[in-house]
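Order of listing sets the numbers, starting from 1, for every ligand and every atom in it. Remember, predicted model here, so these are calculated numbers, not experimental data.
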Amino acid sequence: MSTPKHFLTLGNLTSEEFRGIINRAIELKKLQREGVSHSRYPGKVLAMIFAKASTRTRVSFEVGMRQLGGSALFLSAADTQLGRGEPIEDTARVLSSMVDLVMIRTHQHASVERFAQYSSVPVINGLTDDFHPCQLLADMQTWFEHRGDIRGRRVVWLGDGNNMCHSYINAARLLDFELVVACPPGYEPDGGLVAANRDRVRIADNPEDAVQGADLLVTDVWASMGQEDEQQARTAAMAPYQLNRNLLDQAATDALYMHCLPAHRDEEISSDLMAEPNTVIWDEAENRLHAQKALIEFLLG
Ligand code: CP
Ligand code: NVA
C-alpha cells in the first residue's frame with residue numbers, strides 16, 4: 001500500500017503545489033459560478049472529525065464534497081468512541097478502511113500527526129492548537145484574486161502569535177513574502193518556527209512601526225478556542241494591536257486586510273473595518289469552499 005498524501009501543515013506542500021492549488025481554486029470558483037459540473041469524485045466520502053466548534057470549515061468541506069460528486073460525514077469527537085478514549089490509531093485504521101479522506105479539527109497537533117501515521121487515506125488538518133493550513137489556502141487565493149502574486153510583498157500579522165500566525169509563517173516561506181508579526185511580549189509565535197524562518201519573519205512589538213507601508217494586515221481572535229479563561233488578560237495585552245482605521249491608514253494605500261472569522265468586533269478588529277463594503281473578508285470566507293475543493297483534488301489525484 002502506498003503512503004497517502006496528507007495535509008497537516010503547509011509544509012506538506014512545495015511552493016509549486018501551493019501555487020497550483022491556488023490557481024485551481026480560482027478556476028473551480030469560476031466553474032461553480034458558471035454552473036459547470038465538476039463532480040469528479042462520485043461515491044467518495046470525507047469523514048470530518050470535530051473536537052472544536054466550526055461554521056466555515058464544516059460547511060465548506062461538506063458542500064465542497066457534494067459539488068465534487070461525493071459526500072461528507074460529520075463526526076463530533078465527543079459523540080464517537082474517540083470521546084470515550086478509543087485510541088487514535090485504532091480509529092484511524094477503522095475510519096480509513098471505510099472512507100476516502102479524513103479531516104480533523106482538534107486540540108493537539110500531535111493527534112492529527114498520529115492519526116495520519118495510521119491512516120491509509122489522506123488526512124487534512126482542519127485546525128489544531130498549532131496550525132490552520134486550510135485557512136491559508138483561502139487567504140492566499142483571496143490575495144491572488146485581488147492583487148496577483150504575493151512574492152516580495154509585506155504582510156503584517158497583528159495580535160496573538162497563534163495557530164493562524166504559525167500558518168502565515170509557513171506561507172511566507174513557501175510563497176516568498178515578508179512577514180512581520182506584531183504581538184505583545186509573551187504572545188509571540190513558536191520560537192523554533194520563527195528561528196527556522198528567520199529570513200522571512202521578524203517579530204515587532206510596536207504595531208505602528210510594523211504596519212508602515214504594509215501590503216496586507218491580518219488578525220485573528222485574541223483568545224482562541226480552548227483559551228476562553230484567558231480572555232481578560234489577553235484583551236488587556238493585545239488592545240494596542242487592534243486592526244483599525246488608524247493602523248490601516250499607515251499601511252500601503254492599496255493595502256488589504258483579512259480575518260479568518262469568527263470576528264469579535266471592537267476587540268481584534270474595529271466594527272467599521274468589518275462593515276467596510278469593499279472588505280475582502282467575505283471573499284476570504286467563501287474561498288474556503290473553492291480552495292479546499294482544489295486541495296481535495298490534489299490529495300485524491
Ligand atoms: N475560519 C474558520 O476556520 O472558521 P470556523 O471556525 O467557523 O470553521
Ligand atoms: N485562532 C482561532 C481560529 C478560529 C478559526 C482559534 O483557534 O480559535
Side-chain angles (χ1 to χ4, degrees), residues 7-10 25 46-65 72 74-78 102-112 124-143 157-171 179 181-184 187-190 193 217-231 233-235 237-238 241-243 257-265 267-269 274 279-293 295-296:
F7 184 63
L8 308 187
T9 71
L10 291 172
L46 164 73
M48 309 185 293
I49 303 174
F50 283 94
K52 289 178 174 175
S54 168
T55 298
R56 280 146 288 270
T57 303
R58 177 177 176 179
V59 174
S60 54
F61 271 112
E62 186 156 347
V63 171
M65 277 307 287
F74 172 79
L75 302 167
S76 149
V102 178
M103 187 240 76
I104 308 175
R105 167 169 286 197
T106 192
H107 300 272
Q108 290 177 6
H109 190 73
S111 302
V112 295
I124 298 170
N125 174 5
L127 181 147
T128 61
D129 292 347
D130 295 342
F131 295 99
H132 194 6
C134 289
Q135 185 67 51
L136 260 290
L137 300 180
D139 285 23
M140 292 300 106
Q141 178 188 346
T142 307
W143 174 275
W157 176 267
L158 290 160
D160 189 19
N162 63 12
N163 45 7
M164 274 295 297
C165 179
H166 291 156
S167 288
Y168 261 90
I169 295 174
N170 287 340
L179 180 70
V181 178
C183 59
Y187 295 99
E188 295 91 351
D190 178 76
L193 191 61
L217 306 186
V218 196
T219 194
D220 184 16
V221 292
W222 289 337
S224 284
M225 289 181 274
Q227 297 172 331
E228 289 79 5
D229 295 351
E230 302 171 27
Q231 179 76 48
R234 288 171 162 271
T235 301
M238 294 187 218
Y241 299 80
Q242 184 190 70
L243 174 49
Y257 58 94
M258 296 191 191
H259 189 309
C260 65
L261 305 178
H264 295 158
R265 285 167 173 76
E267 289 182 29
E268 75 277 0
I269 187 164
M274 284 302 296
T279 177
V280 301
I281 285 175
W282 311 113
D283 295 347
E284 196 190 343
E286 179 191 329
N287 284 342
R288 293 291 303 276
L289 171 66
H290 311 296
Q292 288 158 196
K293 280 161 71 181
L295 173 69
I296 290 165

(request) Start with the C-alpha gap between E267 and V221, add the side-chain angles, then the distance that decides, and say whether side chain to side chain contact (heavy atoms under 4.5 Å, CB included) holds. (result) CA-CA 8 Å; E267 289 182 29; V221 292; over 6 Å; no
(message) Quick one, F61 with I296, criterion side chain to side chain contact (heavy atoms under 4.5 Å, CB included). Give me CA distance, side-chain angles, the key distance, then yes/no.
(response) CA-CA 9 Å; F61 271 112; I296 290 165; 4.1 Å; yes
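The shell of residues lying under 4.0 angstrom from ligand 2, judged by heavy atoms, includes L261. Ligand 1 lies out of reach of K52, whose nearest heavy atom is not under 4.0 Å from it.
Below 4.0 Å from some heavy atom of C260 lie the following atoms of ligand 1, by number and element: 1 (N). In summary, the atoms of ligand 1 found under 4.0 Å from a heavy atom of T55, numbered by their order in the structure, are 5 (P), 7 (O), 8 (O). Listed by number with element, the atoms of ligand 1 under 4.0 angstrom from any heavy atom of L261 are 1 (N), 2 (C), 4 (O). Ligand-side atoms of ligand 2 in range of V221: 2 (C), range being under 4.0 angstrom from any heavy atom. Close contacts between ligand 2 and N162 involve ligand atoms 1 (N) [criterion: under 4.0 Å to a heavy atom]. Here is the list of ligand 2 atoms found below 4.0 Å of a heavy atom in L127: 3 (C), 4 (C), 5 (C), 7 (O).
With H109 as reference, T128 is the one residue of T128, D129, N163, L127 to meet the side-chain contact (heavy atoms from CB on, under 4.5 Å) rule. Between H290 and the choices Q292, R288, E286, the side chain to side chain donor-acceptor pair (under 3.5 Å) rule is met once, by E286.
In summary, the side chains of H259 and E268 do present a donor paired with an acceptor at a separation below 3.5 Å, with no hydrogens or angles considered.
Listed for the N125 side chain is no donor-acceptor partner under 3.5 Å among the backbone atoms of T9. The closest donor-acceptor contact from the side chain of H166 to the backbone of D130 lies under 3.5 Å. One N or O on the side chain of E228 and one on the backbone of G226 form a donor-acceptor pair closer than 3.5 Å. At least one donor-acceptor pair closer than 3.5 Å links the side chain of R105 to the backbone N or O of G126. No side-chain donor-acceptor contact under 3.5 Å links T279 to the backbone of M274.
Geometrically, ligand 1 and R58 share no nitrogen or oxygen pair separated by less than 3.5 Å. Note: no N/O pair closer than 3.5 Å links H132 and ligand 2 by distance alone. Remark: ligand 2 and R105 share no N or O pair separated by less than 3.5 Å (distance only, no angle test). Considering backbone and side-chain atoms alike, M164 places every N or O at 3.5 Å or more from each N or O of ligand 2.
Nearest protein heavy-atom neighbour of atom 8 (O) of ligand 2: M225 N, 2.8 Å. Regarding atom 7 (O) of ligand 2, its nearest protein heavy-atom neighbour is N163 ND2, 2.8 Å. When hydrogens are left out, the protein atom nearest atom 6 (O) of ligand 1 is R105 NH1, 2.8 Å; that is the closest non-hydrogen contact. Atom 3 (C) of ligand 2 has D220 OD2, 3.5 Å as its closest protein atom, hydrogens excluded (heavy atom only). Closest to atom 2 (C) of ligand 1 among all protein heavy atoms lies R288 NH1, 3.3 Å. With respect to atom 4 (O) of ligand 1, the closest heavy atom belonging to the protein is R56 NE, 2.8 Å.
For the pair R234 and Y187, the NZ or CZ position fails the cation-pi test of under 6.0 Å to the six-membered ring centre and within 45 degrees of the ring normal.
The closest non-hydrogen atom to atom 2 (C) of ligand 2, taken over C260, A53, S224, comes from S224.
Shortest non-hydrogen contact noted between L217 and L243 is CD1-CD1, 3.6 Å.
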